[in-house]
2 protein chains.
Amino acid sequence: MSDSAQPRTASADSGTSTAAAFSPLYQQIKALLVKSLDAGEWKPGESIPSEIELAARFQVSQGTVRKAVDELAGQNILLRRQGKGTFVATHLEPRVRFRFLRLAPNEGAPEPAQSKILDCRRIRANAEIARALEIKSGEPVVAIRRVLSFSNVPTVVDDIYLPGALFKGLTADLLNDYSGPLYGLFESEFDISMVRADEQLRAVAAPDDIALALGLTAAIPLLCVERISFTYGNRPVELRIGHYVTNEYYYRNSLN
Amino acid sequence: MSDSAQPRTASADSGTSTAAAFSPLYQQIKALLVKSLDAGEWKPGESIPSEIELAARFQVSQGTVRKAVDELAGQNILLRRQGKGTFVATHLEPRVRFRFLRLAPNEGAPEPAQSKILDCRRIRANAEIARALEIKSGEPVVAIRRVLSFSNVPTVVDDIYLPGALFKGLTADLLNDYSGPLYGLFESEFDISMVRADEQLRAVAAPDDIALALGLTAAIPLLCVERISFTYGNRPVELRIGHYVTNEYYYRNSLN
DNA sequence: AAGTGGTCTAGACCACGTT
DNA sequence: ACGTGGTCTAGACCACTTT
């Protein structure tokens, strides 16, 4: 085997416009890996094939597979463990949990949250929900309201909206019977992995119903967090509007 | 030259405890590069030597230099430009500006902010400032208050605290004569590059003086952002407490 | 044409975990 | 001992920018 280092050009010319998009081999491998993940070939928590096996499967060198896997590991989609293998990230591992829950106490160590479901019903998407989930207005949506407490202090009210088509058997009973992070339930019961999220943060006066759910007597300022979560391929699968009490807790962030 | 792939072990045993910390070559190179950046060998905006030159200088292969540079580029400390070279990141480039200013308008495209200095004086560090900046209580600190406006709407009040020892000639006049991002001024006038920051976010009722500075009539909820900024080597060099009006703007964030 | 970073390969060896 | 990911090297070629 002599030189075979030429990347296979990914996309054909679309006819009209400029040059064909050049796509490096490792990007193509990366896309293939994501496709397999999306198809459920490897489930969260499981290991994917070794680099050598993947190299053989895709007919590229181990180094090229490595670069593809490196990027997916950098996006926290895969998890490398030296000596053991490469694993599909899961929200059931404690290590990953605080990636999406950014509340930390002003003092002391973080504690696990207790969740209480206040409501779970099927509604039709209004314009805002439809836009966020990229579905049509009027399509079915599961609407959940829950309270998160730390050390028995109610701290967060989340309003969660999920595409009905993807969450068929989701009921209040199922939610109540489950303890652990919601995203873990979504993985194990509905085969939906949350991979990334965008958030918009604002300070607002507590709306009446939220204040009530939190046991607040006045409309104190709350941190309003509007989140859209995405699964593989940047497909939005959750809209979540949270209201956080930020007296004893704060939202932590890092700028790089 | 045969095999010379053995990494030079970085640290000697400290005597007491367990095995010597293994440090890969590229990490050592990375540390050397940061050291040079910190020493001002290459200034923000300038290019660093080519990979081939660096490989010769450090007596390693180009691939090892590449991995070190890759990581620094991933941290936004360096900036790679194909065909041109590798450059030291600078806050004067528009591309980098929105990395540290996370306010985006509810509608429309982001606009540049106008800054107005309300105050600039030298004070002594109280306990909170001293802890954040890792200096002693009572040491000199530059305290700045400014307002940021978008389209002439006052939106942010920042209280900024800087170690006096590092910002000798910083005066209100200097700040007023300057237009552009503060971090750009810090780079060009004081040789201090902001590389990373940690933030704590809370919703608070507007304090009186802040409300006054923003032209608010009532104590509406504000987003309070407490930021500690770091230069090379994780040395804290700025404490900044911002209060944001989040009616027309929001704080954007991404979770990965 | 020359120089830069970007991709790809092949092979050696190291560190870690399991068998 | 073996298999996994992690590091390091050397060399070829590609893509982009400047001379």
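Lettering of chains follows the sequences in order, A, B, ..., and the numbering in each one begins at 1.
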Student: Taking the side chain of B:Thr86 as heavy atoms from C-beta outward, which of C:dC8, C:dG5, D:dC8 is closest to it?
Tutor: C:dG5

Student: Are any of the side-chain nitrogens in B:Arg57 or B:Glu41 under 4.0 Å away from the carboxylate oxygens of its partner?
Tutor: yes

Student: For residues 72-94 of chain B, which residue pairs pass the ring-ring contact (aromatic ring centres under 6.0 Å, His included) check, not counting sequence neighbours?
Tutor: B:His91-B:Phe100, B:His91-B:Tyr183

Student: Atom CD1 of A:Ile52 to atom P of C:dT9: distance rounded to whole Å?
Tutor: 15 Å

Student: From OH of B:Tyr26 over to C1' of C:dA15, roughly how many Å is that when rounded to an integer?
Tutor: 13 Å

Student: So, OP1 or OP2 of D:dT4: does either fall under 4.0 Å of a side-chain N or O from A:Arg81?
Tutor: no

Student: Between D:dT18 and B:Lys84, is there an OP1 or OP2 to side-chain N/O distance shorter than 4.0 Å?
Tutor: yes

Student: Using whole Å, report how far NZ of A:Lys30 lies from P of C:dG6.
Tutor: 15 Å

Student: Considering only C:dT4, C:dC8, D:dA15, which nucleotide approaches the side chain of B:Gln82 most closely?
Tutor: D:dA15

Student: Side chain of A:Tyr232, backbone of A:Leu37: donor and acceptor closer than 3.5 Å?
Tutor: no

Student: Check whether any side-chain N or O of A:Asn76 sits under 3.5 Å from a backbone N or O of B:Asn256 as a donor-acceptor pair, and report yes or no.
Tutor: yes

Student: Does A:Thr64 have a side-chain nitrogen or oxygen under 4.0 Å from the phosphate oxygens OP1 or OP2 of C:dT9?
Tutor: yes

Student: In whole Å, what is the span from the CZ atom of A:Phe87 to the C1' atom of D:dG3?
Tutor: 12 Å

Student: Could you tell me whether the side chain of A:Gln28 and the main chain of A:Ser23 form a donor-acceptor pair under 3.5 Å?
Tutor: yes

Student: Taking for each residue the nucleotide of DNA chain D with the nearest heavy atom, is it A:Gly83 or A:Asp70 whose nucleotide lies nearer the 5' end?
Tutor: A:Gly83

Student: Could you give the CG-to-P distance, from A:Leu25 to D:dA12, as a whole number of Å?
Tutor: 20 Å

Student: What integer distance in Å separates A:Glu53:CD from D:dG5:C1'?
Tutor: 13 Å

Student: Starting at CD of A:Gln62 and ending at C1' of C:dA10, how long is that distance when rounded to a whole Å?
Tutor: 10 Å

Student: Does the side chain of B:Arg66 get closer than 4.0 angstrom to OP1 or OP2 of C:dG6 through an N or O atom?
Tutor: yes

Student: Using atom CD1 of A:Ile29 as one end and atom C1' of C:dC8 as the other, report the distance to the nearest whole Å.
Tutor: 11 Å

Student: Counting side-chain heavy atoms from CB outward, which of C:dG5, D:dA15, D:dC8 is closest to A:Phe22?
Tutor: D:dA15

Student: What's the closest nucleotide to the side chain of A:Val60 if the choices are C:dT9, D:dT4, C:dC8?
Tutor: C:dT9

Student: Among the nucleotides C:dT4, D:dG5, C:dT7, which one has an atom lying closest to any side-chain atom of A:Ser50?
Tutor: D:dG5

Student: Ignoring backbone atoms, test whether B:Lys67 places a side-chain nitrogen or oxygen under 4.0 Å from the OP1 or OP2 oxygen of D:dC8.
Tutor: no

